[in-house]
Amino acid sequence: MTIDEQLAFLRKGTVEIIREADLRAKLEKSARTGVPLRVKYGADPTAPDIHLGHTVVIRRLRAFQQLGHQVIFLIGDFTGLIGDPSGKSATRPQLTREEIAINAETYKAQIFKLLDPAKTIIDFNSRWMDTLGSEGFIRLASRVTVKQILERDDFEQRLREERPIALHELLYPLVQGYDSVALEADVEFGGTDQKFNMLVGRNLQREYRQEAQVVIITPLLEGTDGVQKMSKSLGNYIGINEPPQEMFGKLMSISDELMWRYYELCTDLRAEEINAMRAAAEAGERNPRDVKVELAKRIITDFHSADDAQIAEDEFNRIFRSKEIPEDIETCEIKAEGWPLPHLLVETGLAESKAEARRLIEQGGVRIGGVRQTDTGIVVGIKSGEESLLQVGKRRFLRVRGVAA
RNA sequence: GCAGGGGUGGUCGAGUGGUUAAUGGCACCGGGCUGUAAACCCGGCAGGCUAACGCCUUACGUAGGUUCGAAUCCUACCCCCUGCACCA
């Protein structure tokens, strides 16, 4: 690939590259000297469950690896101690060395589904922050002015709106920036929320007489609701360790509009290919449903296998297209006797409360053996040794087996 | 410590004595439609009792009080935020 081709390749799925000219220079230098670029990405040590939102940046890291460069996956175990830079949530829990080690292993298992282990270094910023000491930290702090730190949009805004800013939040960018110094990073990746911190890294590197890193900003992926960014706490995420059927279902539930965004950020298809698909769908040549199925299968193939993807699709079609029952249905045992239907639903965990169970029944969401039940007063006879099939909504199934009391 | 602002259901955010289990958005759940768990439309969204009409309990930071009646007024307390003191 020529340098121009490389730049185009690396640009996909990014929001901004600061500065592209610097990146070009670094790529040229690397090609000339044969020394790979050091590409840094910092991860939160407390949340090792990777979801599709995280994979957006991981795919970009992989792009660098494909060009022969070195990825440094930095686990911010020290940064984790000083708190959440967003100011949204309370201080993060303090992790023990063992917990951090476990989380790191979990990370590895997940990121290596996309990244090349031979071109990935896992590091921890406590390695240099622990030895820096209070004195070193103060010296570090002397390199940056208050005004510079307060330039950050978030701080500026919160100051203006008289919302609180904890002191340690001002320190956060310093630590993150110093990580780049310690690692002599050539490139740092992060989401839009990390832009400022990464720019501090550039300034600090210059302070320490290093070449400033290139900052590459990746977009935040919207969650399955299509509104808020994907995150575990909002419950709108698709975890890469989730079972294939679950992933398939969740991916089919995203809106047709959002699907293009997922194509762009969660597949390796080139922009032209995606645009062509979109044009075909909008012209009515391809059914959006089929395009979405393809998306789901591509993503599942990345984290499971092509076979798993096919099985997930078959299962989905069986339930939603043919309205048949799934292959594997959990069985639960229950005392053989006459159960009023709402009680039965609560007992089996299909409803949270009897009030909810009643609502579900009234709304026509409950079936027994495939037959819709709309009478909340019905008593279901569960006989010992016999099974009944309960269904709530379109996709919750449960077999109930009666056992003698 | 002082001054000011604030704490409402999963979330955001209305409501300042009486159709209030509490407007509305979002999220979520059920139904319809569909080659989609899309879009759109309809319904639901504290809990308990009843086959059902309905009844009853909790609920607007906490605890009391005023009132026929309070999320709304009063008192005390708790928590959060902003500012002041000030200058290592």
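Residue numbering restarts at 1 for every chain, and letters A, B, ... go by the order of the sequence lines. Computation of the quantities below employed the complete heavy-atom set of this structure, encompassing side-chain atoms and omitting hydrogens, waters and symmetry-equivalent molecules. Owing to the predicted nature of the structure, the values given are computational and were not obtained by experimental measurement.
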- Protein-to-nucleotide contact annotation, 5' to 3' order, nucleotides 8-13 of chain B [B base; S sugar-phosphate only; - none; under 4.0 Å, heavy atom]: ------
- Query: Does a donor on one side chain sit under 3.5 Å from an acceptor on the other, for A/Gln176 and A/Gln194?
  - Reply: yes
- Would you mind reading off the distance between A/Phe316 atom CZ and B/U36 atom P, rounded to a whole angstrom? 8 Å
- Query: Which value, in whole Å, describes the distance between the P atoms of nucleotides B/G43 and B/C26?
  - Reply: 15 Å
- Message: Nearest 0.5 Å, please: how far is CG in A/Leu114 from CD in A/Gln65?
- Response: 9.5 Å
- Message: Once hydrogens and angles are ignored, does a donor-acceptor distance under 3.5 Å link the base of B/G43 to the side chain of A/Gln363?
- Response: yes
- Any salt bridge between A/Arg59 and A/Asp268, counting N to O under 4.0 Å? yes
- Task: For B/G6 and B/C56, measure between their P atoms and round to the nearest Å.
- Result: 36 Å
- Any salt bridge between A/Asp4 and A/Arg24, counting N to O under 4.0 Å? yes
- For A/Tyr237, is the NZ or CZ atom of A/Lys250 found under 6.0 angstrom from the centre of its six-membered ring and inside 45 degrees of the ring axis? yes
- Message: Can a side-chain donor-acceptor contact be found between A/Thr224 and A/Asn236 if the only test is distance below 3.5 angstrom?
- Response: no
- Mind checking the P distance from B/A21 to B/A46? Whole angstroms is fine. 13 Å
- Please assess A/Thr106 against A/Asn103 for the test side-chain hydrogen bond (donor to acceptor under 3.5 Å, both in side chains), listing each intermediate value before the final yes or no. CA-CA 5 Å; A/Thr106 312; A/Asn103 288 351; 4.8 Å; no
- Query: What is the nucleic acid contact for A/Asp290, judged by heavy atoms within less than 4.0 Å: base, sugar-phosphate only, or nothing?
  - Reply: base
- Message: How many whole angstroms separate atom NZ of A/Lys394 from atom P of B/C33?
- Response: 9 Å
- Query: Of all of residues 373-382 of chain A, which get a heavy atom below 4.0 angstrom from RNA chain B, listed by number?
  - Reply: A/Thr376, A/Gly377
- Item | Closest-nucleotide 5' rank along RNA chain B - winner of A/Ile254 and A/Arg396 | A/Arg396
- Message: Is there a side-chain contact between A/Lys250 and the phosphate of B/A37, meaning an N or O under 4.0 Å from OP1 or OP2?
- Response: no
- Between B/U19 and B/U75, how far is it from one P atom to the other, in whole Å? 25 Å
- Task: Please assess A/Phe189 against A/Tyr41 for the test ring pair (Phe, Tyr, Trp, His ring centres under 6.0 Å), listing each intermediate value before the final yes or no.
- Result: CA-CA 5 Å; A/Phe189 267 98; A/Tyr41 173 66; 7.6 Å; no
- Query: B/A38 C1' sits how many Å from A/Tyr262 OH, rounded?
  - Reply: 13 Å
Expected list for residues 372-383 of chain A: side-chain donor-acceptor pairs under 3.5 angstrom, two or more places apart:
| from | atom 1 | to | atom 2 | distance (Å) |
| --- | --- | --- | --- | --- |
| A/Arg372 | NE | A/Gly364 | O | 3.2 |
| A/Gln373 | NE2 | A/Val371 | O | 3.2 |
| A/Asp375 | OD1 | A/Gly377 | N | 2.8 |

- Note on the structure: dist A/Met277:CE -> A/Arg286:CZ (nearest 0.5 Å) comes out at 4.5 Å
- Task: Look at A/Ser255 and B/A39 and indicate whether a side-chain polar atom (N or O) is within less than 4.0 Å of OP1 or OP2.
- Result: no
- When we call it a touch if two heavy atoms are under 4.0 Å apart, what does A/Arg359 touch: a base, just sugar-phosphate, or nothing? sugar-phosphate
- Task: For the side chain of A/Arg358, starting at C-beta, report the closest nucleotide among B/U50, B/U36, B/G48.
- Result: B/U50
- Message: Over all strands shown, is A/Phe248 touching base, sugar-phosphate only, or nothing at heavy-atom distances under 4.0 angstrom?
- Response: nothing
- Figure out the CH2/P separation between A/Trp260 and B/A39, and round it to whole Å. 16 Å
- pair A/Thr331-A/Val400: side-chain heavy atoms closer than 4.5 Å: no
- If you check every side-chain atom of A/Arg372, which of B/C49, B/G31, B/U36 has the closest atom? B/G31
- Query: Rounding to the closest angstrom, what is the interatomic distance between B/U20 and B/C45 at atom P?
  - Reply: 15 Å
- Using a 4.0 Å heavy-atom cut-off across all strands, classify A/Gly364 as base, sugar-phosphate, or nothing. sugar-phosphate
- Note on the structure: Of the listed B/G35, B/G31, B/G48, the closest approach to the A/Ala355 side chain comes from B/G48
- Residues in salt bridge (charged side-chain N to carboxylate O under 4.0 Å, His left out) contact with A/Arg278, at least two apart in sequence or another chain: A/Glu257, A/Glu282
- Where the side chain of A/Lys354 is defined as all heavy atoms beyond and including C-beta, which of B/G44, B/U36, B/G48 is the nearest nucleotide? B/G48
- Determine the sole option in A/Leu132, A/Asp130, A/Asn125 for which the side chain to side chain contact (heavy atoms under 4.5 Å, CB included) test with A/Trp128 is passed. A/Asn125
- Please measure how far the P atom in B/U67 lies from the corresponding atom in B/C53, and state the result in whole Å. 38 Å
- Item | Which residue lies more 5' along RNA chain B, comparing A/Glu257 with A/Arg289 via nearest heavy atoms | A/Arg289
- Item | RNA chain B contacts among residues 271-287 of chain A, heavy-atom distance under 4.0 Å | A/Asn287
- Item | Distance between P atoms of B/G65 and B/A52 (Å, rounded) | 38 Å
- Item | Cation-pi, A/Phe397 ring and A/Arg367 (6.0 angstrom, 45 degrees) | no
- Query: Where each pair must be Watson-Crick or G-U wobble with both distances under 3.5 Å, what dot-bracket representation of RNA chain B is obtained, with crossing pairs in [ ] and other-strand partners as |?
  - Reply: ((((((((.[[[..)..(.....]]].(((((.......))))).((((....))))...[[[[[..)....]]]]])))))))....
- Message: Between A/Ser180 and A/Gln213, is there a side-chain donor-acceptor contact under 3.5 Å, judged purely by atom types and distance?
- Response: yes
- Residue A/Leu360, side-chain heavy atoms: nucleotide from B/U50, B/C29, B/G44 that is nearest: B/C29
- Query: Have A/Lys297 and A/Gln310 got a donor and an acceptor in their side chains that come within less than 3.5 Å?
  - Reply: yes
